[in-house]
Amino acid sequence: MGSGIIIAPSILASDFSRLADEVAAVDRAGADWIHLDVMDGHFVPNLTFGPPVIKALRGVTDKVFDAHLMVANPDALLDAYADAGAEIITVHVEACQHLDRTLARVRDLGCRAGVSLNPHTPAESLRHVLDRLDLILVMTVNPGFGGQSFINGMLDKIATLREMTSGRDIVIEVDGGITPETTSLVTAAGARALVAGSAIFGGEGEAGYRANIDAIRAAARD
Ligand code: DX5
Ligand code: ZN
């Protein structure tokens with residue numbers, strides 16, 4: 001998936017009453033990917049959106065759709081997410097009974113396959129599925145809500161995963177509490193894709209989003 005830092009604004013922190021405009025604005029402001037937080041009210045307490053909303057947004061931008069499925073039964077709708085235009089489909093290891101099969105299915109659908117780890121889940125849980133993976137999403141907060149504080153203990157896990165995936169074309173992505181301050185920590189540990197919700201959408205409109213994206217990019221370069 002190329003090289004260099006990837007910034008993936010999470011639309012969870014955007015204004016849902018103007019979702020299409022928000023996606024277009026953050027695209028123009030310099031987003032690399034659009035991070036889509038799908039929540040089902042079971043795997044996580046919160047509820048957001050699913051395939052129909054993703055499909056509707058697909059017409060608004062050409063940026064990569066990075067779908068993060070925080071759902072209890074991801075297998076049931078994998079085809080629907082692929083059909084809606086998600087290029088990356090990330091499932092949670094804690095939600096998959098047959099992770100190897102699920103990841104193979106995501107690739108069969110023509111998508112890139114990602115797996116996410118909750119804070120308590122060890123890096124080791126992925127050792128035997130590395131061949132099936134294009135992306136590992138390390139949760140740096142407990143999933144379910146935006147605006148939480150970064151968990152410092154996750155830096156160790158990022159570094160372990162970086163070592164475990166060395167020589168492979170697997171992107172390490174981080175999600176939760178990412179700001180310019182935490183960016184330098186996670187990139188030093190080995191993260192390449194950075195999801196940020198509040199730290200980007202906390203700004204005022206396109207100019208504010210651009211300033212926030214630039215600040216994260218600058219912190220990643222340092
Ligand atoms: C949390 C979501 C995140 C969230 C990040 O469950 O997966 O993508 O939007 O929000 P911030 O950047 O505000 O911590
Ligand atoms: Zn997410």
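All ligand and atom numbering here is 1-based and tracks the order in the structure. In this chain, residues are counted from 1 in sequence order.
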Go through it in stages, so that I can follow the logic: the residues are T102 and D75, the test is side-chain hydrogen bond (donor to acceptor under 3.5 Å, both in side chains), and I'd like the CA-CA distance, side-chain angles, deciding distance and then a yes or no. CA-CA 7 Å; T102 301; D75 298 281; 2.7 Å; yes
For the metal site, I want the angle between atom ND1 of H68 and atom OD1 of D37 with the Zn ion (ligand 2) at the apex, to 10°.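 H68 ND1 and D37 OD1 form an angle of 90° at the Zn ion (ligand 2).
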Short list, please: which atoms of ligand 1 are under 4.0 Å from a heavy atom of [X]?
{"X": "G176", "result": "14 (O)"}
{"X": "M70", "result": "6 (O), 7 (O)"}
{"X": "D37", "result": "2 (C), 3 (C), 4 (C), 7 (O), 8 (O), 9 (O)"}
{"X": "M39", "result": "6 (O)"}
{"X": "P143", "result": "6 (O)"}
{"X": "V195", "result": "8 (O)"}
{"X": "H68", "result": "7 (O)"}
{"X": "H35", "result": "8 (O)"}

Residue, atom name and distance, where the atom is the protein heavy atom closest to [atom]:
{"atom": "atom 12 (O) of ligand 1", "answer": "G197 N, 2.7 Å"}
{"atom": "atom 13 (O) of ligand 1", "answer": "S198 OG, 2.3 Å"}
{"atom": "atom 1 (C) of ligand 1", "answer": "F145 O, 3.6 Å"}
{"atom": "atom 10 (O) of ligand 1", "answer": "G146 CA, 3.6 Å"}
{"atom": "atom 6 (O) of ligand 1", "answer": "G144 N, 2.7 Å"}
{"atom": "atom 3 (C) of ligand 1", "answer": "D175 OD1, 2.8 Å"}
{"atom": "atom 14 (O) of ligand 1", "answer": "G177 N, 2.8 Å"}

Whether the side chain of D40 engages the backbone of A72 through a donor-acceptor N/O pair (distance < 3.5 Å, no angle test) should be reported.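 Between the backbone of A72 and the side chain of D40 there is a qualifying donor-acceptor contact (under 3.5 Å).
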Are any side-chain N or O atoms of K63 and backbone N or O atoms of I34, one a donor and one an acceptor, separated by less than 3.5 Å?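 The answer is no, because no donor-acceptor pair under 3.5 Å joins these two groups.
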Residue that, paired with I216, satisfies side chain to side chain contact (heavy atoms under 4.5 Å, CB included) out of T187, T182, I5, T183: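 When side chain to side chain contact (heavy atoms under 4.5 Å, CB included) is applied between I216 and each of T187, T182, I5, T183, only T183 qualifies.
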Scan side-chain atoms only and decide if S10 and D37 contain a donor-acceptor pair under the 3.5 Å cut-off.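 A pair is found: one side chain offers a donor N or O, the other an acceptor, under 3.5 Å apart.
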Side chains of E204 and Y209: donor-acceptor distance under 3.5 Å anywhere?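 Their side chains do not contain a donor-acceptor pair, so the 3.5 Å distance test is not met.
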Does only the side chain of S10 get under 4.0 Å from ligand 1, or the backbone, or both, or neither? Count heavy atoms.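 The answer is the side chain.
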Looking only at N, O or S atoms, which one in H35 sits nearest to the Zn ion (ligand 2)?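 Restricting H35 to its N, O and S atoms, the minimum distance to the Zn ion (ligand 2) goes to NE2.
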Relative to the Zn ion (ligand 2), which of the N, O or S atoms in D175 is the closest?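 Restricting D175 to its N, O and S atoms, the minimum distance to the Zn ion (ligand 2) goes to OD2.
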Going by the salt bridge (Lys or Arg N to Asp or Glu O under 4.0 Å) test, name the single residue among R112, R107, R168 that passes it with D134.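 Exactly one option meets the salt bridge (Lys or Arg N to Asp or Glu O under 4.0 Å) with D134, and it is R107.
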Below 4.0 Å from any atom of ligand 1, is there a heavy atom belonging to A199?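 Under 4.0 Å: no for A199.
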Can you confirm, on distance only, whether ligand 1 has an N/O atom lying under 3.5 Å from any N/O atom belonging to A196?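 By distance alone, the answer is no.
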Closest contact, heavy atoms only, D66 versus H35: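 Smallest interatomic distance, heavy atoms only, reads OD2-ND1, 2.8 Å.
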Minimal non-hydrogen separation, W33 against P9, with atom names: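 Nearest pair, atom of W33 first, then P9: O-CD, 3.0 Å.
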Would a 4.5 Å heavy-atom cut-off, applied to side chains only, mark [X] and [Y] as touching?
{"X": "N152", "Y": "L155", "result": "yes"}
{"X": "L99", "Y": "V91", "result": "yes"}
{"X": "I172", "Y": "R192", "result": "no"}

